[in-house]
Amino acid sequence: MPSTLAVFLVLGLGLSQRSSTQKQMLSKPAIWVRPSFMIPKGRSATIGCRGAGEAMEYQLHFEGGLSALKRPKSSPVMNWVKFPIPAMTSHTAGQYRCSYRSGELWSELSDPLELVVTGLYDTPTLSVEPRSEVTSGENVTFHCQLATATSTFFLLKKGRSSRPQLRYGNLRAEFHLGPVTPAHGGTYRCFGSYNNHAWSFPSKPVKLLVKVPGDAGDTTFAPTEHTSSDYWDSYELTTGTQSQKDHLLWNHMIQNLIRLGLAVLVLVALMGFLLEDWLHRRKSQERAHRASRRGCRRRLRAQRALET
């Protein structure tokens, strides 16, 4: 019996230590925004944050300070929350991070998410040299110009994997590309800005066509990125790929199932031990009661023998 109890205690201690270790290593949450990291002034947006399956509470941090607090309403496995931005302004544009709580512990902050508000300044003009149709291997230059003085210019290409290119300038900036390949083909726009989070209206689109020599004069290009038929900047910017997030979620599910299975095993084992101990004590009590009854009968017979 003592050896059985020791095994159960060791198993329970191992489970406790495993859970404690996993809680001390809370994974970094994922953060994203929809419909885009660029939001026109007055438009709404939604920030999403997802942590481990056991997350109980989420915090949203804006520019280093606490901005909002929420509890998840979804199932424990698909555990994430949404933080809405009803109307984008220069005061809600900036850097966001999130964190989550499991038990008494808070996770580390997520990677930063930079949100930009557009439509605050004049509309810039965008042009490309030497021309909008070039051959693979040539160099091209985009010129972005704004009538009013600014400090920074951004050039973006339409597509989910596009990231803004930054150049500094007063009234204009140049963006050099090359030697170009068909992957450079696409639709471009530029913005002017006084800071990294408040941008002008977008310029009119400029389409760059890249021909491959020997293509019989075909001036079309094959898109190498996913594009959308919605407004041109309608894409989601995340701090990790979807496959990484799915892999992280799968790991959390497996860990939760393992912990649940071990907890059930320990509970069943403890119940079995308690039942075995109760049966043992009951049998001991019954044996003691029968022995007491036999002793009483022997004393009664002896007393009767003395009386006769």
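Numbers here are sequence positions counted from 1.
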Checklist line | Pairing of Glu138 and Arg131 as salt bridge, 4.0 angstrom limit | finding: yes

Margin query: Please check this pair: side chain of Arg97 against backbone of Ser110, looking for a donor-acceptor N/O pair closer than 3.5 Å.
Written below: yes

Next item on the list: For this output row, return yes or no: ring centroids of Tyr96 and Phe62 closer than 6.0 angstrom.
Entry: yes

Note to self: Quick check against the 3.5 Å criterion: does Ser136 have a side-chain atom that pairs as donor or acceptor with the backbone of Val212?
What the structure shows: no

Margin query: Could you check whether any side-chain N or O of Arg43 sits under 3.5 Å from a backbone N or O of Ala45, counting only pairs where one atom can act as donor and the other as acceptor?
Written below: no

Notebook entry, point to check: Picking from Trp199, Tyr194, Phe201, what satisfies ring pair (Phe, Tyr, Trp, His ring centres under 6.0 Å) with Tyr121?
Noted result: Tyr194

Checklist line | Test of ring centre spacing under 6.0 Å for Tyr188 and Phe142 | finding: yes

Note to self: Does Lys41, at its NZ atom, have more than 12 non-hydrogen atoms belonging to other residues, nucleotides or ligands within less than 6.0 Å?
What the structure shows: no

Next item on the list: Go through the structure and list residues passing ring-ring contact (aromatic ring centres under 6.0 Å, His included) with Phe175, not counting sequence neighbours.
Entry: none

Item checked: Gap separating the SG atom of Cys49 from the CD atom of Gln59, nearest 0.5 angstrom -> 10.0 Å

Check: Should Val128 and Val180 be counted in the same cluster of Ile, Leu, Val, Met, Phe, Trp and Tyr side chains packed under 4.5 Å apart?
Finding: yes

Next item on the list: Tell me yes or no: between the side chains of Thr141 and His176, is some donor less than 3.5 Å from an acceptor?
Entry: yes

